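Here's the structure, in structure tokens; my notes come after.
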Amino acid sequence: NIPEWLKPNVDKKELFENYMEKRDFGKAWLTINGPGFNPIEVGDRLQRLKEVSHEKAFHLWVDFWCEKYGKKDSFVFI
């Protein structure tokens with residue numbers, strides 16, 4: 001059984017939205033950690049996950065990640 005977020009032919013953006021609607025934030029998190037998003041899109045989704053999280057460490061990590069990578073349009077940092 002391969003998780004949906006690892007299947008290559010699944011629309012990851014739609015899958016993320018489905019998980020958010022179901023309040024399945026762990027699977028939403030796993031979805032943005034794979035292919036299908038650029039850094040700007042990941043940053044936007046991290047901010048949405050931050051809104052539903054009460055973990056201060058996660059908030060700090062999201063802020064750091066978005067500041068460092070969230071404005072880039074590619075994961076190629078050369």
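Nothing here was measured: the structure is a model prediction, and the numbers come from that model.
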For the student: nearest non-hydrogen atoms of [X] and [Y], plus distance:
X: Asn38; Y: Asp73; value: CB-O, 3.6 Å
X: Ile32; Y: Val42; value: O-CG2, 3.9 Å
X: Pro39; Y: Ser74; value: CG-O, 3.3 Å
X: Gln47; Y: Asp63; value: NE2-OD1, 4.3 Å
X: Val10; Y: Glu4; value: CG2-OE1, 3.6 Å

Any donor-acceptor pair under 3.5 Å from [X] side chain to [Y] backbone:
X: Asp24; Y: Met20; answer: no
X: Thr31; Y: Lys27; answer: yes
X: His59; Y: Glu51; answer: no

If I take atom [atom1] from residue [X] and atom [atom2] from residue [Y], how far apart are they, to the nearest 0.5 angstrom?
X: Lys56; Y: Lys50; atom1: NZ; atom2: NZ; value: 10.5 Å
X: Leu46; Y: Tyr69; atom1: CG; atom2: OH; value: 12.5 Å
X: Leu49; Y: Phe25; atom1: CG; atom2: CZ; value: 7.5 Å
X: Leu60; Y: Glu55; atom1: CG; atom2: CD; value: 11.0 Å
X: Lys12; Y: Glu41; atom1: NZ; atom2: CD; value: 13.0 Å

Legend entry - Hydrophobic cluster identity match, Leu6 and Leu15, side-chain contacts under 4.5 Å: yes
Inset, instruction - Report yes if the side chains of Trp29 and Trp5 come closer than 4.5 Å at any heavy-atom pair, otherwise no. - result: no
Inset, instruction - Identify whether NZ of Lys or CZ of Arg in Arg45 sits under 6.0 Å from the centre of the six-membered ring of Phe16 and within 45° of that ring's axis. - result: yes
Legend entry - Ring-face cation of Lys13 near Phe37 (centre distance under 6.0 Å, axis angle within 45°): yes
Inset, instruction - Could you check whether the rings of Trp61 and Trp65 sit parallel, tilted or perpendicular, using 30° and 60° as the cut-offs? - result: tilted
